[in-house]
Protein chains: 2
Amino acid sequence: MTEKIGFIGLGLLGLPMAANLQEAGYSLVVYNRTAAKAEPLVAKGAELAPTIIEAVQPGGITISILWNDTALEEVVTEEFLEKLGPGGIHVSMATVLPETARKMAQLHADHGCVFVEATVFGRPEAAAARQLNIPYAGPKAAKEKIKPLLEAMGGQGVFDFGETYGAANIVKLVGNYLIFAASQSMREALTLSARYGVDPHPVVNMLTTTLFAAPIYQSYGQRIAEGNFTSAASPIPLKDIALFKTTAGEVEMPTPIADLLEDLMKQEAANSR
Amino acid sequence: MTEKIGFIGLGLLGLPMAANLQEAGYSLVVYNRTAAKAEPLVAKGAELAPTIIEAVQPGGITISILWNDTALEEVVTEEFLEKLGPGGIHVSMATVLPETARKMAQLHADHGCVFVEATVFGRPEAAAARQLNIPYAGPKAAKEKIKPLLEAMGGQGVFDFGETYGAANIVKLVGNYLIFAASQSMREALTLSARYGVDPHPVVNMLTTTLFAAPIYQSYGQRIAEGNFTSAASPIPLKDIALFKTTAGEVEMPTPIADLLEDLMKQEAANSR
């Protein structure tokens, strides 16, 4: 493993994922807008790239985990693509519009390099605990090459969504939307229970050990029963529900539930200010 | 087990549950509005009561599983309560308003008998397979007495919700509401996936083996991916979402999500006519 891996974006998820990769023995060249965040990695031997371009590995593998579509489009310049060059693979782990993933794939192909989309389910704690779930899509040969890296980054489950670009982002947007629907509906339901004088804890306990025995219901259910849940703690819910709606708009599909969830989350964000 | 058990209501759930009870060795006196439905039970030794009152066991246990609040209120007459009498226990397994359960409890207490509310999670197939989940509430002594019957009827899980009447119906209404929210939101999400050209099957497979690894998501997810899901196949969703909303109305709580779910299910019912 003397091959160097470029790693761009050391945010809440990026940093623990890069650390996992380093711990698995990979040599990293890291870039982050705020360079100080790279310190723990540099202390263990990572190279700090002073610019994005210097993190790009010609003909090798460069991973990025960026905030949104705009950030991804700003990183992937002509210069980036030319440096990545023939045989180069760019693994993009941001949650973006499926349409952006498709455009990116075309841009990379135009420069003889390969785009792989791989999205990440899991909170920063799950990244540290190597309990992420990662759907990915792209050309077979490139996927085979990067699969061990996805696992090394903390993917306890990596899920191959074939060669159709957009699929890994669709599954991410669908999953996040279902999380929002589950958490908001659980809160409405448990609020009714509490207001009616029935302690929500045993209600959550019964439902999340039977019909709804799923990690999402268990974790959110406990937080809601304790009164410790808000969708306004992070900007991600509003960002991702908007991507879901934009994608639905592209195929002219009505989304009454997503519309309501967005309204509820916007109200919550406004109330928390 | 020579004590006879009264059993009123042999509908889609009542019949297999009564059959389970009979198979466990209990002697039944059964009543159903359409007496012919009792035939398989009578063939195995159950006594057919020609009227509701004749199914009531004085000082013993009488079980009812009726369609709704009105049916329950029509069954529980002065005559019913007087015949049930001191020491008599009435286990009501219908899904009704928590408020109705509270009124019923008071009515029974006024006549020296005991009301126990026990609601049922599970489809008729689950009843036959003894895979029901049954939350129940009422006085401790009565609950201890009827717990073996709930298990014999097919309750793989019986969940004690204490002595506060209404709790077993709250958990049922909350659970059904969450089922409606999960199924409707899954359909919106998987429709987006399909419309965007991403096969919903692997999406369902990934999500229901990870974040949403729960029976509800697995069974509805498969049906939705196959295009085989409708909320209009049964009158139960519209009935129970209305009970949820009425209960919320009693405590002056807004229910934006329940309101939308009801609208969507009403539209679906109208479209399926």
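Keep in mind the model is a prediction, meaning the values are calculated, not measured. Worth knowing before you read on, the calculation uses all heavy atoms, side chains too, and leaves out hydrogens, waters and symmetry mates. Sequence lines set the chain letters: A, B, ... in the order given, protein chains first and strands last, and positions in each chain run from 1.
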* Side chain, backbone, both or neither: which part of A:Y196 has a heavy atom under 4.5 Å from chain B? -> both
* Structure fact -> Ranked by heavy-atom pairs below 4.5 Å to chain B, first place among A:L178, A:L173, A:I170, A:V171 goes to A:L178
* Structure fact -> Honestly, the part of A:Y177 sitting under 4.5 Å from a heavy atom of chain B is side chain
* Who in residues 261-273 of chain B is close to chain A, using a strict under-4.5 Å heavy-atom cut-off? -> B:L264
* Asked: What part of A:L207 gets closer than 4.5 Å to chain B, counting heavy atoms only: side chain, backbone, both or neither?
  -> side chain
* Asked: Of all the residues in residues 238-251 of chain A, which have a heavy atom that comes within less than 4.5 Å of a heavy atom in chain B?
  -> A:F244, A:T247, A:A248, A:E250, A:V251
* Structure fact -> Applying a strict 4.5 Å limit to non-hydrogen atoms, the region of A:R187 in contact with chain B is neither
* Which residues from residues 216-235 of chain B are near chain A, with near meaning under 4.5 Å between non-hydrogen atoms? -> B:I216, B:Y217
* Counting a contact as any heavy-atom pair under 4.5 Å apart, which residues of residues 134-146 of chain B contact chain A? -> B:P135
* Give, as side chain, backbone, both or neither, the part of A:T191 having an atom under 4.5 angstrom from any heavy atom of chain B. => both
* Asked: For chain A, which of B:G166, B:A181, B:P98 has the most heavy-atom pairs under 4.5 Å?
  -> B:P98
* **Among the listed options A:L190, A:D199, A:N133, the residue most often paired with chain B at heavy-atom distances under 4.5 Å** => A:N133
